[in-house]
Amino acid sequence: VQLVESGGGLVQAGGSLRLSCAAAGFNFDNISIGWFRQAPGKEREGVSCISNSVVAPYYADSVKGRFTVSKDNAKNTVYLQMNSLKFEDTAVYSCAVGPRNVCLYGGGTDSYFNYWGQGTQVTVSS
């Protein structure tokens, strides 16, 4: 099993990026995929969570209305579209695999997630 993130980079404030999380070896019907971020000197923060068993994805309040999570089951890939980026969105973004229904009760809690990707850096310049 493997999680590989991509799509990070440097963008100006107000710009957009789309992150991808390729989840090889997982059955999307049995898992949830969470996006987390960690800025230097700060605790890891849950950003979003999506699964086949949950109608409405989870979003942290800090990203609601700006970020959109989606998935392509055929490609075993989850995407995080990030619009209207702010300087404070700068962080290493990681995707992680958790239990099937975790988005309902713990989508933003990293301790519920078992497998992690290596992360991708997102830097927003002000």
Would you indicate whether Tyr115, at its atom OH, is surrounded by more than 12 heavy atoms from other residues, nucleotides or ligands within a distance under 6.0 Å?
->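 Counting other residues, nucleotides and ligands, OH of Tyr115 stays at 12 neighbours or fewer.
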Can we say Asp89 and Lys86 salt-bridge, meaning some charged N sits less than 4.0 Å from an Asp/Glu carboxylate O?
-> no
Can you find a side-chain donor-acceptor pair between [X] and [Y] that sits under 3.5 Å?
X: Ser51; Y: Ser53; value: yes
X: Gln121; Y: Thr123; value: yes
X: Asn76; Y: Lys71; value: no

Below 4.5 Å, heavy atoms only, C-beta onward: do [X] and [Y] meet side chain to side chain?
X: Leu3; Y: Cys21; answer: yes
X: Phe28; Y: Val78; answer: yes
X: Met82; Y: Arg66; answer: no
X: Gln81; Y: Ser70; answer: no
X: Thr120; Y: Val92; answer: no
X: Arg37; Y: Ser48; answer: no
X: Phe113; Y: Cys49; answer: yes

Tell me whether [Y] is reachable from [X] by hopping between hydrophobic residues (I, L, V, M, F, W, Y) whose side-chain heavy atoms are closer than 4.5 Å.
X: Val47; Y: Tyr59; value: yes
X: Val97; Y: Tyr58; value: no
X: Phe36; Y: Val102; value: yes
X: Ile50; Y: Ile31; value: yes

Flag, side chain of [X] to backbone of [Y], donor-acceptor distance under 3.5 Å:
X: Asp72; Y: Lys75; answer: yes
X: Gln38; Y: Ala91; answer: no
X: Asn114; Y: Gly98; answer: no
X: Glu5; Y: Gln118; answer: yes

When you look at Phe67 and Trp35, which way does the ring-ring contact (aromatic ring centres under 6.0 Å, His included) test go after all the steps?
-> CA-CA 11 Å; Phe67 290 12; Trp35 282 101; 9.8 Å; no
Exercise: identify the closest heavy-atom pair between Ser20 and Thr77 =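 Between these two residues, the closest heavy atoms are CB-CG2, 4.3 Å.
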Which atom pair, heavy atoms only, marks the closest approach of Asn83 to Ser16?
->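 Looking at all heavy atoms of both residues, the shortest contact is OD1-OG, 2.9 Å.
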Tyr79 six-ring face occupied by Arg18 cation (under 6.0 Å, within 45°) | yes
Just how far is it from atom [atom1] of [X] to atom [atom2] of [Y], taken to the nearest 0.5 Å?
X: Leu19; Y: Ser94; atom1: CG; atom2: OG; result: 10.0 Å
X: Ile33; Y: Asn52; atom1: CD1; atom2: CG; result: 10.0 Å
X: Glu45; Y: Asp110; atom1: CD; atom2: CG; result: 11.0 Å

